[in-house]
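Every chain is numbered from 1 and lettered A, B, ... according to where its sequence line falls, protein lines coming before strand lines.
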Amino acid sequence: MSLSKQEIAQRIAQELQDRWYVNLGIGIPTLVANYIPKGIDVEFQSENGLLGMGPFPLEGEEDADMINAGKQTVTVLDGGSIFDSATSFAMIRGQHVQLTVLGAMEVAQNGDIANWKIPGKMVKGMGGAMDLVASAENIIVAMMHTNKRGESKLLTTCSLPLTGVGCVKKVVTNLAVLEIKDGAFHLLERAPGVSVEDIKNATAGTLVVDGDIPEMVLN
Amino acid sequence: MINKVVQNVEEALEGVQSGMTFMLGGFGLCGIPENSISQLVSLGVTNLTCISNNAGVDDFGLGLLLQKRQIKKMISSYVGENDEFERQMLSGELEVDLIPQGTLAERCRATGAGIPAFYTPAGYGTEVAEGKETREFNGKMYVLEHAFQPDFAFVKAWKGDTAGNLIFKGTARNFNPMMAMAGKITVAEVEELLPAGELDPNQIHAPGIFVQRIFKGSDYKKRIEQRTITPKL
């Protein structure tokens, strides 16, 4: 069984470490906030200028002046802070944020990522993604292993315009957890019930399978 | 105390002309200078270059200027919430320069801080870096990005005083403080305008030195783009 989007988020949440500041992108990454492991303190950064981002407000308590980078109404938790956009990206480029989780259209085996533009289609812009991927030491891509046409999103080289070069270290998909190093995807874990063969078939880039590959444990 | 108060939005936008370059604060519809945008629509100035993180929605924010075809070029990091924008962009009526959000913020800051250009890692190896100088520092590659040259900056704050000092509320701060620094003429509109001395100097987000004109705005809509809530149990 391949993972649901919630389960991908749940698996990524296991990567969180105590006292980390974390930036979550739009889509699956946002869901990671729902699965913070017990005993771990993290603070979420929203690049529009918010640290210590909390849940959505209760009905009637929405504030037009309190939004996240997805323009959704949010709250700020105790200990949080608010700042301008230059300070926000100083945190990001200055590597004060320990982890960035974001979605992607394509990831290549050298760590390149494409997630902002499809030529010929309406281009909405890169927002903060290029700053995030160029700077973060620790980037996890959360995405489906294949696109809607069943084609692999883990490639030898990206075909779409790049967001960043050589920056992705880890990918969590509905089928697998993979590490990118030495120019290849290294298979670390399989989704429950998914075989190594299934993952091979869904991966267009070079896949290194070293020994027995354990199943993910979702708790 | 140097008094920066102008009586109304008409006076605040005196000198605005077609063909100028403007910075406009805000992230999405949060913290946008609603009154100044309305006045730009009324003035009917055209051929504008607008530097703003986003381009509003169809019937609000910078979308109002797009509807009237007043904008020639947008410099933003993320657009797309706007059908008219898309139409004008695809038909070639509107020039669009998409740049990384952190680069946009830092270019605004650099503009106000007397820094003509700086190196950033964002966009290296992508089409954003095409035609730009690149350089290696400590084994990593960076792209040279330049400051802007805006004629006016329009910002919106929560509270201001007669000396032009500004305090923002929540995430409505976003690009406003750096854009305030950057304007040759910075126009600040505020929800509440107080006499000098009423704001705690320790709490000022943008010092009045950066603001040339301040006025009390009116009829704020403060529209919410994505209303998300946690259901009550």
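With chain B as the partner, the residue from A/K71, A/K117, A/Q72, A/M130 showing the most heavy-atom pairs under 4.5 Å is A/K71. Counting heavy-atom pairs closer than 4.5 Å to chain A, the top-ranked of the candidates B/L98, B/T228, B/I229 is B/T228. Taking chain A as the reference chain and counting heavy-atom pairs below 4.5 Å, the highest number among B/V96, B/T103, B/N176 is found for B/T103. With chain A as the partner, the residue from B/R109, B/K140, B/E225, B/E81 showing the most heavy-atom pairs under 4.5 Å is B/E225. Ranking B/N82, B/N53, B/V79, B/V128 against chain A, the residue ahead of the rest is B/V79, based on heavy-atom pairs under 4.5 Å. The candidate with the highest count of non-hydrogen atom pairs below 4.5 Å against chain B, out of A/G164, A/G127, A/P55, A/A64, is A/G127. The candidate with the highest count of non-hydrogen atom pairs below 4.5 Å against chain B, out of A/V76, A/I67, A/D65, is A/D65.
Residues B/R223 and B/D59 are paired through a salt bridge, judged by an N-O separation under 4.0 Å between the basic side chain and the carboxylate. The pair B/E34-B/K222 does not count as a salt bridge, with every side-chain nitrogen at least 4.0 angstrom from each carboxylate oxygen. In summary, B/E192 and B/K169 do not engage in a salt bridge, as defined by a charged side-chain N under 4.0 Å from a carboxylate O.
Scanning both residues, A/A202 and A/S152, for their nearest heavy atoms gives O-OG, 2.7 Å. Of all heavy-atom pairs between A/E62 and A/T73, the closest is CB-CG2, 4.1 Å.
B/F148 has its side chain within reach of B/L104: a pair of non-hydrogen atoms, C-beta onward, lies under 4.5 Å apart.
Neither the backbone nor the side chain of A/E61 has a heavy atom closer than 4.5 Å to any heavy atom of chain B. Interface remark: A/T163 contributes backbone atoms only to the contact with chain B (heavy atom separation under 4.5 Å). When heavy atoms are compared at a cutoff of 4.5 Å, A/D112 does not approach chain B at all. Using a 4.5 Å cut-off between heavy atoms, A/L58 touches chain B through backbone and side chain atoms alike. Interface residue B/M89: only side-chain heavy atoms are found under 4.5 Å from chain A. When heavy atoms are compared at a cutoff of 4.5 Å, B/Y142 does not approach chain A at all. When heavy atoms are compared at a cutoff of 4.5 Å, B/L29 does not approach chain A at all. Using a 4.5 Å cut-off between heavy atoms, A/F56 contacts chain B through both its backbone and its side chain. Interface remark: B/N54 contributes side-chain atoms only to the contact with chain A (heavy atom separation under 4.5 Å). At a 4.5 Å heavy-atom cutoff, the contact between A/A69 and chain B is made by backbone and side-chain atoms alike. With a 4.5 angstrom heavy-atom cutoff, A/V123 touches chain B via backbone and side-chain atoms both.
Ring planes of B/F22 and B/F152: perpendicular class, angle over 60° (limits at 30 and 60°).
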Start with the C-alpha gap between A/Q45 and A/I92, add the side-chain angles, then the distance that decides, and say whether side chain to side chain contact (heavy atoms under 4.5 Å, CB included) holds. CA-CA 9 Å; A/Q45 200 251 17; A/I92 291 166; 3.8 Å; yes
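Atom CD of residue B/E145 and atom CD of residue B/E106 lie 10.5 Å apart, to the nearest 0.5 angstrom. To the nearest 0.5 Å, the span separating CG on A/L207 from CG on A/L154 amounts to 8.5 Å.
Although no hydrogens or angles enter the test, the distance criterion places no donor-acceptor pair under 3.5 Å between the side chain of A/T203 and the main chain of A/G205.
Using a 3.5 Å distance cut-off with no hydrogens or angles, the side chains of B/S52 and B/S76 do not pair a donor with an acceptor. Judged purely by distance below 3.5 Å, without hydrogens or angles, the side chains of A/T100 and A/N23 never pair a donor atom with an acceptor atom. Counting only N and O atoms by type, the side chains of B/Q101 and A/D131 include no donor and acceptor under 3.5 Å apart. A donor-acceptor contact closer than 3.5 angstrom links the side chains of B/E84 and B/Q88.
Of residues 79-88 of chain A, those residues with a non-hydrogen atom less than 4.5 Å from any non-hydrogen atom of chain B are, in numerical order, A/I82, A/F83, A/D84, A/S85, A/A86.
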